[in-house]
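Here's the structure, in structure tokens; my notes come after.
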Amino acid sequence: MSDTITYTVPGMTCDHCKHAVSSELSGVTGVAGVEVDLDTKLVTVTGEGLVDRALRAAIEEAGYEAA
């Protein structure tokens with residue numbers, strides 16, 4: 001059974017933002033998929049054994065803050 005965690009990332013405004021966040025999150029252990037919706041500013045992460053702290057750190061590494 002996979003885990004799903006959704007974050008609001010208000011700072012994302014363009015495809016570059018989307019790529020940066022997706023790229024960082026994809027490198028986190030356990031992440032199987034990342035969906036970014038620029039209209040709603042939502043980032044949905046799916047995978048096994050996801051760790052909130054690690055996911056938030058990856059979003060911050062990309063230059064954004066998860067609300």
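Since this is a predicted model, take the numbers as computed values, not measurements. Atoms considered below: every heavy atom in the structure, side chains included; atoms not considered: hydrogens, waters and symmetry mates.
Counting all heavy atoms, side chain and backbone alike, Cys17 lies closest to Gly11 at SG-O, 4.3 Å. Taking both residues in full, the closest heavy atoms of Arg56 and Ala66 are given as NH1-O, 3.2 Å, listed atom of the first, atom of the second, then distance.
Residue Val28 is tested with Leu55, Ile59, Val34 for a side chain to side chain contact (heavy atoms under 4.5 Å, CB included); the sole match is Leu55.
Using a 4.5 Å heavy-atom cutoff, the side chains of Asp3 and Val45 are not in contact.
When the side chains of ILVMFWY residues are joined at heavy-atom separations under 4.5 Å, either directly or via intervening members, Ile5 and Met12 end up in a single hydrophobic cluster. Connection of Val31 to Leu42 is not established within any shared hydrophobic cluster, with ILVMFWY side chains joined at heavy-atom distances below 4.5 Å, either directly or through further cluster members.
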Exercise. Show the numbers, then the answer: is there a side-chain contact (heavy atoms from CB on, under 4.5 Å) between Lys18 and Val43?
Key: CA-CA 9 Å; Lys18 182 176 178 175; Val43 177; over 6 Å; no
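Atom CD in Glu35 sits 9.0 Å away from atom OG1 in Thr6 (nearest 0.5 Å).
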